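Only a predicted model underlies this, so the values are computations on that prediction, with no experimental measurement involved.
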Amino acid sequence: MSSDFEAYEQDFGTVTAEITNKIGRIPKLSGEEKTQLVLNVDKQLEEVRELLEQMDLEVREIPIQSRAMYNSRLKSYKQEMEKLEKDFKRSRIAYSDEVRNELLGDDASSSESQRAHLLDNTEKLERSSRRLEAGYQIAVETEQVGQEILSNLHSDREKIQRARERLRETDANLGKSSRILTGMLRRIIQNRVLVFILGAIILLTIVLAIYFNLRGH
């Protein structure tokens with residue numbers, strides 16, 4: 001699993017380096033050329049988001065004892081992604097001095113005001129996005145905790161069921177043993193009664209024999 005994570009890391013580094021280079025070129029362009037580069041960067045940013053999602057999935061599969069290190073690395077990559085998105089948004093509304101003068105002429109100061117306003121709105125959107133991401137992360141962690149609790153409950157339920165089965169087996173064995181002991185006790189009593197009866201018969205026979213013998217004399 002860690003090898004897959006590191007492969008995603010290499011892809012992340014390559015793509016983000018290309019994005020950084022292109023973001024620096026955007027303010028120097030205008031017209032169709034700038035539009036095409038913006039679209040290209042936007043596509044690569046989406047690719048980076050997918051890489052982060054893949055890394056996030058890989059981290060969840062890594063053993064708990066090693067997970068903290070990878071979580072820390074993933075967090076730094078997410079922060080780097082946030083910075084890239086912020087720089088990209090700024091570059092889309094930014095112009096180099098040469099391009100700005102060419103496009104705006106005397107309206108350059110007005111454009112700067114609009115740019116500041118747009119940047120302010122962008123910052124607000126970014127803060128909202130970060131709050132949403134934090135909420136999403138909490139939801140994911142809550143879901144993981146819930147899954148662990150359900151798994152533990154399922155395991156406990158199986159243990160209880162096995163314990164009940166063992167108790168039923170024990171009760172059945174005790175019942176069988178009780179019946180066997182009862183049968184043995186009954187046979188012992190029967191044997192003693194038979195012995196007593198036989199002893200009585202023998203004794204009576206001896207007494208009668210002695211009686212008739214004495215009477216004959």
Side-chain angles (χ1 to χ4, degrees), residues 1-62 66-141 143-144:
M1 293 299 178
S2 60
S3 60
D4 292 335
F5 184 90
E6 290 167 356
Y8 290 133
E9 279 183 313
Q10 292 178 358
D11 293 340
F12 179 87
T14 301
V15 178
T16 53
E18 292 178 1
I19 292 174
T20 301
N21 179 266
K22 291 176 181 178
I23 287 176
R25 290 166 49 199
I26 289 176
K28 301 176 182 179
L29 303 175
S30 62
E32 183 65 21
E33 190 176 3
K34 180 174 182 177
T35 300
Q36 290 299 323
L37 188 57
V38 167
L39 291 174
N40 182 265
V41 171
D42 196 36
K43 182 178 179 181
Q44 287 188 305
L45 284 172
E46 183 62 30
E47 182 181 345
V48 173
R49 293 186 192 97
E50 292 178 359
L51 286 172
L52 289 174
E53 290 177 0
Q54 292 297 325
M55 282 192 278
D56 192 24
L57 292 174
E58 291 297 328
V59 168
R60 297 182 189 182
E61 299 298 326
I62 292 175
S66 304
R67 194 176 299 171
M69 177 183 67
Y70 287 95
N71 270 326
S72 177
R73 287 157 66 174
L74 180 58
K75 182 178 180 181
S76 68
Y77 296 145
K78 288 181 178 180
Q79 291 173 345
E80 184 177 349
M81 176 63 181
E82 290 178 1
K83 183 178 182 302
L84 281 176
E85 289 178 328
K86 183 184 297 185
D87 292 342
F88 177 53
K89 290 174 182 178
R90 288 176 177 171
S91 70
R92 292 173 65 175
I93 59 175
Y95 294 92
S96 65
D97 292 339
E98 180 180 349
V99 174
R100 182 169 59 250
N101 292 333
E102 179 183 346
L103 293 175
L104 301 177
D106 294 336
D107 295 332
S109 60
S110 175
S111 176
E112 287 294 335
S113 176
Q114 293 177 0
R115 178 188 174 190
H117 181 68
L118 287 172
L119 286 174
D120 183 60
N121 289 338
T122 300
E123 291 290 340
K124 292 179 181 178
L125 287 173
E126 289 175 353
R127 286 195 295 270
S128 298
S129 177
R130 285 194 293 270
R131 284 195 293 268
L132 287 173
E133 184 178 352
Y136 171 76
Q137 187 65 30
I138 291 173
V140 170
E141 292 175 356
E143 180 183 2
Q144 292 176 344

Roughly how far, to the nearest 0.5 Å, is CG of D11 from CE of M55?
9.0 Å
Taking salt bridge (Lys or Arg N to Asp or Glu O under 4.0 Å) as the definition, give me every residue that meets it alongside R73, ordered by chain and number, with sequence neighbours left out.
E9
Over all atoms of both residues, closest heavy-atom pair of L29 and K34
O-CD, 3.4 Å
Pairing of E61 and R67 as salt bridge, 4.0 angstrom limit:
no
Got a second to check how far I19's CD1 is from T14's OG1, nearest 0.5 Å?
11.0 Å
Flag the pair E85 / R49 as yes when at least one side-chain heavy-atom distance between them is below 4.5 Å, and no otherwise.
yes
Taking all non-hydrogen atoms of both residues into account, name the closest pair between F88 and I26 and its distance.
CE1-CD1, 3.8 Å
Angle class for the F12/Y77 ring planes (parallel below 30°, perpendicular above 60°, tilted otherwise)?
tilted
Considering residues at least two apart in sequence or located in another chain, which fulfil the salt bridge (Lys or Arg N to Asp or Glu O under 4.0 Å) criterion with K78?
none
Check this for me, if you would: do E80 and K83 make a salt bridge, where the nitrogen-to-carboxylate-oxygen distance has to be below 4.0 angstrom?
no
Got more than 12 heavy atoms from elsewhere within 6.0 Å of CD, E18?
yes
Distance, nearest 0.5 Å, that separates CG of L39 from CD of Q44:
12.0 Å
Give, for atom CD of Q54 and atom OH of Y8, the distance between the pair rounded to the nearest 0.5 Å.
4.0 Å
side-chain hydrogen bond (donor to acceptor under 3.5 Å, both in side chains) between Q36 and E32: does it pass, once the steps are laid out?
CA-CA 6 Å; Q36 290 299 323; E32 183 65 21; 2.7 Å; yes
Measure across M81 and L45 and return the closest heavy-atom pair with its distance rounded to 0.1 Å.
CE-O, 3.4 Å
Quick check against the 3.5 Å criterion: does K22 have a side-chain atom that pairs as donor or acceptor with the backbone of A17?
no
Heavy-atom side-chain proximity of Y70 to K75 below 4.5 angstrom
no
Point-to-point distance, once rounded to the nearest 0.5 Å, from CG of L74 to CD of E53:
11.0 Å
Sub-4.5 Å side-chain heavy-atom contact between R90 and K86:
yes
pair V48-L84: side-chain heavy atoms closer than 4.5 Å
no
